Amino acid sequence: MIMRLLHCLNWLNLWLKEKVRMKIFSEIPSKPPKTPILDKVNLPEDVKNLSPIELETLADDVRGHMLYSVGQSGGHLGGGLGVVELTVVLQYLYNTPDDKIIWDVGHQAYPHKILTGRKDVLTSIRHKDGLAPFPNREESQYDAFGVGHSSTSISAALGMAIANQDTNKKVVAVIGDGAMTAGMAFEGLAHAGHIKPNMLIILNDNDMSISENVGGLNNYFSRIWASKVYKGIRKSGKSFLENLPQAHHIARKVETQMKAMVAPGSIFEELGLNYIGPIDGHNINELMSVIGNLKDFEGPQFLHLITKKGAGLDPAEADRIGFHAIGKIKPLDAPSKKNGPKYQDVFGQWIVDMANKDQDLMAITPAMREGSGLVNFSREFPERFFDVAIAEQHAVTLAAGMACEKKKPVVAIYSTFLQRAYDQLIHDVALQNLNVLFAIDRAGLVGEDGPTHSGNYDLTYLRCIPNMIVAVPADENEARKLLTTAYMHNGPAAVRYPRGGGINSLVEPGLSPVEIGKGRVMSIQESDMLVLNFGALIETAENVAQELNATLLDMRFVKPLDKELIAEHSHDKKTIITIEDGAISGGAGSAVAEWAQENKAKQQIIICGIPDEFIEHASRSEMLEMVGLDKKGILARVKDSLS
């Protein structure tokens, strides 16, 4: 017994001295790095022919190729760098595409794309007609599930495991980079623990998720728990105790508590999963051993990996948020372009100014502090700032609770993510007519992140909700004014604005509101055409109106609609043209058409917006051109409608 204990201690000592070999880059390569092993790999079957030493080199090659490619194209970086070794091991051990690997969140999947036939076109990622920014079933048979929003992998993998329970196909869900913070992930875990299908759930914990870094003792026990010897003991004990329910229950509790002493896995054990971990997610030998064993385990397995976001690139490890995604690396001698403030910056300054004026203001965001422009607010008013992680439903109902107690919550959220809290928006806020402001960023076509992140539908799904007012600022200064107006409104309100900057208008520093439901006249012309602008395409609307010699109104609000202004300026017009960066179905143009029907108006109404289809990724300007929302496209639509 003593000899066996000494042997185990010696094994532990040797393991603790083991160092993971990883090539470290001090900067993003400006030239293609040498990748001798990756050059031999095009598809996963090529990975299976490599030796363990070659797998280590392959990981370095994948990391180097990804760094160079993203430097050339721009895109998500940190998350993918953290799962290079895991990706190599999964493609070595599993028989994809028959076996299913689901990546969550999808921006971790760049290494996966490299090893599944797309390495030579990775520089096209997020560009028009190039690779999609996330896994896409239409792009590759190796992309088992389309992923853009987070925390969906466990539910999808569970569905696949159920569908494949009479086959030998394996199913793996890789979830991480904060995705475990969403309630949907735990809904999937609870169901998996209940019905116990054969599946593997891998938590990529890169310190942006649920756990702190851990030491070698945890990894040592993980080796034991994932070993075939332990599996045999566990299976034999279960068979022996299955006729003694109380004894089996006690043994299970002892096992769970033993694991909980050295690892944070008891919650997963209580949900009915077999928890293994944490282990080093950058150690290929360790990953090969543990995952290789877990493949043959019955029931739902939960493997906890510790990784570094941005691993292998020094600046990315030091600044995980800054290197989450990057733009295209520009030459040092490239001319700099001076841009005005982004809409998120206008919002960020506005909310700080308003918070100084109103101590009841509370800011809530679901894991979008940086993207929504709340960094300064979070530093100046930490006790009034709430980042609830990837929990949009909770964010909205949290705001509702605050509003019930006379606080004034501002929910800063991307349009595409507000979709996930639609029930709470209606039931918890609007139905109770609560005083909540939604600052909706990334409205309309967002560009390179594509259809999973475009905010095309908010005007449609907000306009139909009773008690809601919906404001659509035309520029940066209007954004500040309408934020103030909506904030001072007593009831639910939404202000939606696009990604990036506007026309670079001068932003006035005041906090004066405008009248709710009232638009403004931009120009009056003598032709028989009237152009109604809803939102940030004001510059295009001005160019169209000038070309058509048409009167131009900036409506400011989709709801309530300024019907008096439309009636005043349309009575002598034959054609009304509406322009919006949102879905045509049920949007602002539809509101104008409803007004025309109610008032038996005779004018022809031409609605210019986003058609009833998903618009693939490209730059924002390219996407607007694709749907005919540039000047040329709108004029062509008008000409076609009038002919």
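Values below: every heavy atom of this structure, side chains too, minus hydrogens, waters and symmetry copies. None of these values were measured; they are calculated from a predicted model.
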Smallest separation among heavy atoms of [X] and [Y], with atom names:
X      : Y      : value
Trp350 : Leu483 : CZ2-O, 3.5 Å
Ala389 : Asp387 : N-OD1, 3.0 Å
Pro498 : Asp441 : O-OD1, 3.5 Å
Gln525 : Lys573 : O-NZ, 3.2 Å
Glu478 : Asp554 : OE1-OD2, 4.1 Å
Ile538 : Met522 : CD1-CE, 4.3 Å

>> Test side-chain contact (heavy atoms from CB on, under 4.5 Å) on Leu635 and Leu548; report intermediate values, then the result.
In response: CA-CA 8 Å; Leu635 290 174; Leu548 298 174; 3.8 Å; yes
Please answer whether the main-chain N or O of [Y] pairs with a side-chain N or O of [X] as donor and acceptor at a distance below 3.5 Å.
X      : Y      : value
Tyr110 : His76  : yes
His617 : Gly130 : yes
Asp345 : Phe347 : no
Gln108 : Asp104 : yes
Arg126 : Leu131 : no
Ser378 : Val375 : yes
Glu622 : Ser619 : yes
Ser140 : Asn136 : no
Ser124 : Val121 : yes
Glu580 : Gly589 : yes

Under-4.0 Å salt bridge between [X] and [Y]:
X      : Y      : value
Glu476 : Lys342 : no
Glu448 : Arg620 : no
Glu598 : Lys563 : yes

Are the side chains of [X] and [Y] in touch, meaning some heavy atoms are under 4.5 Å apart?
X      : Y      : answer
Trp595 : Ile566 : yes
His569 : Val521 : yes
Met354 : Lys408 : no
Ile615 : Ser454 : no
Leu552 : Asn533 : yes
Ile390 : Ser150 : yes
Ile516 : Thr485 : yes
Gln603 : Thr575 : no

> Is it the case that Lys31 places NZ or CZ above or below the six-membered ring of Tyr68, under 6.0 angstrom from the centre and within 45 degrees of the axis?
Replying inline: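 Ring-cation test returns no.
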What's the separation between atom [atom1] in [X] and atom [atom2] in [Y], rounded to the nearest 0.5 Å?
X      : Y      : atom1 : atom2 : result
Leu67  : Phe323 : CG    : CZ    : 10.0 Å
Asn599 : His571 : CG    : NE2   : 14.0 Å
Ser590 : Ile584 : OG    : CD1   : 8.0 Å
Leu445 : Leu629 : CG    : CG    : 7.0 Å
Glu526 : Thr551 : CD    : OG1   : 7.5 Å
Thr87  : Lys113 : OG1   : NZ    : 12.5 Å

Is there a donor-acceptor contact under 3.5 Å linking the side chains of [X] and [Y]?
X      : Y      : result
Asp428 : Thr397 : yes
Ser73  : His127 : no
Trp103 : Ser153 : no
Asn549 : Ser527 : no
Gln349 : Asp353 : yes
His112 : Asp143 : yes
Asp458 : Ser415 : yes
Arg499 : Gln344 : no
Asn543 : Lys631 : no

> Would you call the rings of His453 and Phe134 parallel, tilted or perpendicular, where under 30° means parallel and over 60° means perpendicular?
Replying inline: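 Parallel.
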> Parallel under 30°, tilted from 30 to 60°, perpendicular over 60°: which one fits the rings of Tyr422 and Tyr461?
Replying inline: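 Rings of Tyr422 and Tyr461: perpendicular, over 60°.
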> Checking ring-ring contact (aromatic ring centres under 6.0 Å, His included) for the pair His324/His107: CA distance, chi angles, key distance, verdict?
Replying inline: CA-CA 9 Å; His324 170 76; His107 60 240; 4.5 Å; yes
> What's the verdict on side-chain contact (heavy atoms from CB on, under 4.5 Å) for Val495 and Val470, showing C-alpha distance, side-chain angles and the deciding distance?
Replying inline: CA-CA 6 Å; Val495 181; Val470 183; over 6 Å; no
>> Assess the residue pair Phe377 and Leu361 against the criterion (side-chain contact (heavy atoms from CB on, under 4.5 Å)); give the C-alpha distance rounded to whole Å, side-chain angles, the decisive distance to 0.1 Å, and a yes or no.
In response: CA-CA 11 Å; Phe377 182 94; Leu361 187 153; 3.7 Å; yes
Would you say [X] has more than 12 foreign heavy atoms packed within less than 6.0 Å of its [atom1]?
X      : atom1 : answer
Lys518 : NZ    : yes
Asp612 : CG    : no
Lys128 : NZ    : yes

>> Among Ile579, Asp581, Leu561, which residue satisfies the side chain to side chain contact (heavy atoms under 4.5 Å, CB included) criterion with Phe534?
In response: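 That would be Leu561; it is the only one of Ile579, Asp581, Leu561 passing the side chain to side chain contact (heavy atoms under 4.5 Å, CB included) with Phe534.
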>> By the definition side chain to side chain contact (heavy atoms under 4.5 Å, CB included), identify the one residue from Leu398, Ile413, Val410 that meets it with Ile364.
In response: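 By the side chain to side chain contact (heavy atoms under 4.5 Å, CB included) criterion, Ile364 pairs with just one of Leu398, Ile413, Val410: Leu398.
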>> Using the rule given for salt bridge (Lys or Arg N to Asp or Glu O under 4.0 Å), can you reason through Arg556 versus Asp562, listing the C-alpha separation, both sets of side-chain angles and the distance that settles it, and then say yes or no?
In response: CA-CA 9 Å; Arg556 279 183 165 165; Asp562 193 345; over 6 Å; no
>> Does Val411 form a side-chain contact (heavy atoms from CB on, under 4.5 Å) with Leu437? I'd like the steps, not just the answer.
In response: CA-CA 6 Å; Val411 180; Leu437 170 60; over 6 Å; no
